[in-house]
Amino acid sequence: MNAADLPPWSRAEFEHQLRTQGKNYHIHHPFNVRLNSGQCSPAQIRGWVANRFYYQSIIPLKDGAILSNCTDRETRRRWIARILDHDGYDDYQGDAAGGMEAWTQLALAVGLSRDELWSLEHVLPGVRFCCDAYVNFARRAPWQEGICSSLTEMFAPQIHKQRLAGWPEHYPWIEASGLRYFRSRIPLAQRDVDHGLEVTLDHFRDRTQQQRAVDILQFKLDILWSMLDAIEKGNPT
Ligand code: AHQ
């Protein structure tokens, strides 16, 4: 029997179906398990930081693409905060410098230079491919589908907390100031998910549309998983 013949999930059941996709989140990827249990070398950590910077750098492009498709002013008024979170705002000092600056502090703390990081010279083909697929999806999909794809962040607070709990013990050579990005994302991820989930649960109504939302979430989970596949292969020691 296909989805079109089935009744829609209740709102609570729909959210539950989305949240059970967490079993496929990249917190369970073998490279992340090694990274967060202290089994990665400094070179592997630098490789991860340099490649994940490309992901961070495309988030404002992805969110700008969603905004450019979004016809609803209320949604745009809330969504635009995501761009400022990453690019910074006001005087661009301290926390107002934005997430890409905080990620640069992480890079400096693990032994990369600012120029090396921002040159993108270490970004692997598979990572670039995954990130560009995310931006291209946001450009061409309806804005509600773009918003749905951000819901992998339902699972992000756990992975940030895992890093904050484990890295100081496992990697004492990494300055604590480098971990500020992870700490900053925990409240922001919760705010993002509250909004993203509201839009998703409101928009995808019948069972076919609800299944589409689950499939979009799986597409984004595959992006995050495949990035770690590439990083794991590209940084063997
Ligand atoms: O630092 C991350 C971030 O700013 C975002 C934005 C959001 C999106 O719009 O897709 N997803 C996301 C994520 C961030 N960090 C990842 C990590 O593992 O540190 C997790 C990732 C996500 O879960 O989607």
Side-chain angles (χ1 to χ4, degrees), residues 18-19 21-29 31-36 45 48-67 70 75 78-88 95 97-107 110 127 130-139 141 143-167 178-197 199-200 216-232:
L18 291 167
R19 289 190 181 277
Q21 296 293 102
K23 65 185 183 302
N24 302 325
Y25 192 53
H26 65 174
I27 196 170
H28 304 299
H29 190 288
F31 183 87
N32 183 74
V33 171
R34 287 201 303 280
L35 176 62
N36 286 358
I45 292 172
W48 179 81
V49 170
N51 275 277
R52 266 295 310 276
F53 179 72
Y54 187 63
Y55 177 79
Q56 302 304 138
S57 74
I58 61 94
I59 293 293
L61 301 182
K62 181 271 299 186
D63 289 327
I66 291 173
L67 280 173
C70 181
T75 301
R78 292 173 69 180
W79 201 263
I80 201 160
R82 293 166 182 248
I83 297 180
L84 304 181
D85 289 342
H86 285 84
D87 285 342
D95 289 346
M100 287 179 72
E101 191 54 37
W103 197 273
T104 303
Q105 296 309 310
L106 171 61
V110 302
V127 170
C130 290
C131 293
D132 293 352
Y134 190 21
V135 177
N136 291 330
F137 174 76
R139 285 178 175 150
W143 59 271
Q144 298 94 336
E145 294 195 353
I147 285 180
C148 177
S149 69
S150 73
L151 287 179
T152 45
E153 261 202 312
M154 289 188 289
F155 319 115
Q158 186 189 1
I159 204 169
H160 293 310
K161 288 174 185 170
Q162 192 182 69
R163 292 163 186 148
L164 291 167
W167 284 33
L179 306 186
R180 190 164 57 83
Y181 180 79
F182 305 140
R183 192 167 296 106
S184 73
R185 283 307 305 175
I186 294 169
L188 293 177
Q190 193 50 57
R191 178 209 65 191
D192 287 355
V193 168
D194 289 348
H195 184 206
L197 207 46
V199 171
T200 298
I216 287 167
L217 184 56
Q218 186 54 53
F219 160 72
K220 171 61 181 312
L221 287 163
D222 291 346
I223 282 175
L224 295 174
W225 193 273
S226 303
M227 280 171 62
L228 286 186
D229 285 344
I231 291 168
E232 182 175 53

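This structure is a prediction, so every number in the text was calculated from the model and none was measured. Remember, it's 1-based here, ligands and their atoms both numbered in the order they're listed.
- Contacts between Tyr134 and ligand 1, counted as non-hydrogen atom pairs separated by less than 4.0 Å, involve the side chain only.
- Remark: the backbone N or O of Leu164 is not paired with any side-chain donor or acceptor of Arg183 at under 3.5 angstrom.
- Of the N or O atoms in Ser149, none lie within a sub-3.5 Å distance of an N or O in ligand 1.
- The atoms of ligand 1 that sit less than 4.0 Å from any heavy atom of Ser150 are 8 (C), 9 (O), 10 (O).
- Every residue meeting the side chain to side chain contact (heavy atoms under 4.5 Å, CB included) condition with Arg163, not counting sequence neighbours, appears here in chain and number order: Asn32, Asn36, Trp48, Arg52, Ile159, His160, Trp167, Phe182.
- Ligand-side atoms of ligand 1 in range of Tyr181: 1 (O), 2 (C), 3 (C), 4 (O), range being under 4.0 angstrom from any heavy atom.
- Counting heavy atoms closer than 4.0 Å to ligand 1, residue Phe182 contributes nothing at all.
- Note: Tyr25 and Phe155 have tilted aromatic rings, judged against thresholds of 30 and 60 degrees for the angle between ring planes.
- Residues Glu101 and Gln105 have side chains that bring a donor and an acceptor to within less than 3.5 angstrom of each other.
- With sequence neighbours left out, the salt bridge (Lys or Arg N to Asp or Glu O under 4.0 Å) criterion links Arg34 to Glu232.
- Given atom 21 (C) of ligand 1, the protein heavy atom at minimum distance is Tyr55 OH, 3.7 Å.
- The nearest protein atom to atom 9 (O) of ligand 1, hydrogens excluded, is given as Lys62 NZ, 2.5 Å; this is a heavy-atom distance.
- Taking every heavy atom of Ile159 and a limit of under 4.0 angstrom, the matching atoms of ligand 1 come to 18 (O).
- Within ligand 1, the atoms closer than 4.0 Å to a non-hydrogen atom of His86 are 4 (O), numbered from 1 in the order shown.
- For the residues Glu153, Arg163, Arg185, Arg52, the heavy atom positioned nearest atom 16 (C) of ligand 1 is part of Arg52.
- For atom 22 (C) of ligand 1, the closest heavy atom belonging to the protein is Thr152 OG1, 3.4 Å.
- In this structure, Thr200 OG1 and Leu18 CG are separated by 7.0 Å, a value rounded to the nearest 0.5 Å.
- For Ser57 against Leu61, the heavy-atom pair with the smallest separation is O-CG, 4.2 Å.
- Heavy-atom contacts of Tyr25 reach the following atoms of ligand 1: 20 (C), 22 (C), 23 (O) (cutoff under 4.0 Å).
- Salt bridge status for Asp194 with Arg78: absent, with no side-chain N to carboxylate O gap under 4.0 Å.
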